[in-house]
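Lettering of chains follows the sequences in order, A, B, ..., and the numbering in each one begins at 1. Just so it is clear, the model here is predicted, and its values are computed rather than measured.
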Amino acid sequence: MAILTVLWEKWIEFKHEWQKITVTAMISPILYLLTFGLGLGMDKMVDGHTYMAFLIPGIIALTTMNASFNAIGMSLNVQRLYEKSFDNVLASPTPLGQYIIGQMVGGSLRGIYAGSLILGITFIFGAPIQVNLLFFLVMLLNGMAFSALGVMAAIVSKTHADISRFSTFVILPMTFICNTFFPVANMPPLLKGAVQILPLTHSSGLLRQISYGEPASLTSFCILIVYTIFFMVIALIKINKSKNL
Amino acid sequence: MLEIIAIEKKFDNKKVLDNINFIVNKGEFFGLLGSNGAGKTTMIKLISTLLLPSDGKILLDGKEITRNNVQIKKKITTVTQEYTLRGDMDVDEIMEYQGRLYQLPREQRKKDSKNLLEFCGLMEHRKKRVRELSGGMKRKLMLCRALLPKPELVLLDEPTVGLDPFSRRQIWDLISGLNQQGMTFILTTHYMEEAQMLCQRIALIDQGQLLEIAPPQELINQLGNIAINVVTPVGIQQKYFKNRERALDYAKNLSDPFTLRETNLEDVFIKRLGRGID
């Protein structure tokens, strides 16, 4: 089964680079925790919860997003444009749908790994949040959506710089404005409307609801699933139909 | 049997292949020769589905080769002109990955990997990452990888570039042996000796057009079996003759130094395609 082959490939990638992957996954979230959590918001309250309790789910969401997107988008871009090793996959009898799903699962697992590291660190310092199986399911879904976006971006990119630009224009803004560091409700109406349709807003919201012990929004689940399927279908169409991949 | 039917390929509205038609028989060793930019690599990429045609179709055993035709793609492997190896994987992992991509049983991929790596002298390097290998080793590894699934059709796009003469001979032995066992090969190369030695038929391609398909000896016969190189003040000039007697008759009247030799495929290439080998 091609999905297992891709997962094996992602495992080999992780096995060779796990120290670098681990350190890289932790740097930004720890800096965010220090700067926003301990530095700026130590004594603040948001919606009746401490700012730290508000912040941690947002950081887990953005960490999962970044780790999943980078694990697939950057890696596949290098394989396609620099190493050209993607050519061997494309020429092989690997069903392309399964290949994309394998990438999504692999990227999502990398996202869960990164998110769990941050979760572990926050627990050591007594994070005031609840975590259950549903929390991990949201991390998985968030990772799947952004891994699918990673596949799509890697396939659409024409140069190495394109994928970095994609990160700068799409991933970086989401990191800061999508319900991660401050509530969407505090935004100007026009921007609020735009932010409310972005996927990270919903994964942050879902993780926060679960961590507060509130019921998780079914609408947000559905939106994440729709994004995942949308990115996956675009990537599949692009790989299948592109005459000069 | 591979059928190339009315293939046309354009890049940004520029035709690089125009109405290409040919058939490669099962078990044949078929060569594609042409100067740089003639369209050989494009043809290989079209067969392997790395590129899709602008028009026409390609059939293997009567079934169209498409990106999603998994059953047909199982029968084809490719050695591309560029290195297409994961730099972070070691030699064993590259072979294992290929075995998994082609869904080979575990025992088969282990056993056949070992045999191929041993034959190509890569066993002692099997724990080295690809980025630590020399160019020649990478080239051999790509061939091992392509042969691992025991495909019906192997596409070889300049497979021996960068190999030393010993390694090149070794590869020739390996692939000609496999061809005798029934494996079909399509080869592009700029080594005319390689094409002449291995290929049963050769297609000459120039600027996206198919000029002729014939066995190497037939192409040579058309030009003349005997060549005379005449060293003139403006350079070395070639003259071709049907037989040695005619060549010697011509040579009698020469005042410049000359050498007499058998015509080869390189002469055909230069004469037919109008320029030297890049």
- Would a 4.5 Å heavy-atom cut-off, applied to side chains only, mark B/Arg129 and A/His16 as touching? yes
- Item | Region of B/Gln98 that comes under 4.5 Å of a non-hydrogen atom in chain A | side chain
- Query: Measuring heavy-atom distances to chain A, does B/Lys75 have an atom under 4.5 Å in its side chain, in its backbone, in both, or in neither?
  - Reply: neither
- Should we say atom NZ of A/Lys243 is surrounded by more than 12 heavy atoms from elsewhere, each under 6.0 Å from it? yes
- Is atom NZ of A/Lys241 surrounded by more than 12 heavy atoms (other residues, nucleotides or ligands) closer than 6.0 Å? no
- Message: Need one label for A/Glu17: side chain, backbone, both or neither, based on atoms under 4.5 Å from any heavy atom in chain B.
- Response: side chain
- Query: Is there a donor in the side chain of B/Lys45 and an acceptor in the side chain of A/Asn244, or the other way round, less than 3.5 Å apart?
  - Reply: no
- Message: Looking at B/Arg67 and A/Ser242, would you say the former's side chain and the latter's main chain have a donor-acceptor pair under 3.5 Å?
- Response: yes
- Only one of B/Val79, B/Leu101, B/Ile94 clears side-chain contact (heavy atoms from CB on, under 4.5 Å) with A/Asn88; which? B/Leu101
- Query: Can you tell me how far the CG atom of A/Asn240 sits from the CG atom of B/Asn68, to the nearest 0.5 Å?
  - Reply: 4.0 Å
- Message: A quick test of your reading: do over 12 heavy atoms of other residues, nucleotides or ligands sit less than 6.0 Å from OH of B/Tyr83?
- Response: yes
- Task: Please check if atom CG in A/Leu31 has more than 12 non-hydrogen atoms from other residues, nucleotides or ligands closer than 6.0 Å.
- Result: yes
- Separation between CG (B/Asp88) and CD (A/Glu9), nearest 0.5 Å, reads 8.0 Å
- Below 4.5 Å from any heavy atom of chain A, which atoms of B/Leu51 appear? Answer side chain, backbone, both or neither. both
- Query: Pick from B/Lys74, B/Arg145, B/Glu82: which one has the most heavy-atom pairs with chain A under 4.5 Å?
  - Reply: B/Arg145
- Under 4.5 Å from a heavy atom of chain A, the part of B/Tyr102 involved: both
- Which atoms of A/Ile12 approach chain B - backbone, side chain, both or neither, heavy atom under 4.5 Å: side chain
- Proximity breakdown for A/Lys15 and chain B, heavy-atom pairs closer than 4.5 Å: side chain
- Part of B/Pro151 within contact of chain A (heavy atom distance under 4.5 Å): neither
- Leading residue by heavy atom contact count with chain A [cutoff under 4.5 Å; candidates B/Thr49, B/Leu50, B/Ile47]: B/Leu50
- Most contact-rich option vs chain A, by heavy-atom pairs under 4.5 angstrom, among B/Glu93, B/Met89, B/Lys9, B/Glu96, is B/Glu93
- Item | Heavy-atom donor-acceptor pair, A/Glu83 side chain to B/Thr84 backbone, under 3.5 Å | no
- Counting heavy-atom pairs under 4.5 Å with chain B, the top scorer among A/Leu4, A/Val78, A/Leu96 is A/Leu96
- So do A/Pro95 and B/Val70 actually touch side chain to side chain, heavy atoms under 4.5 Å? yes
- Message: Quick one: does any side-chain atom of A/Lys84 pair with a main-chain N or O of B/Arg86 as donor and acceptor, under 3.5 Å?
- Response: no
- Query: Around atom OH of A/Tyr82, are there more than 12 heavy atoms of other residues, nucleotides or ligands at under 6.0 Å?
  - Reply: no
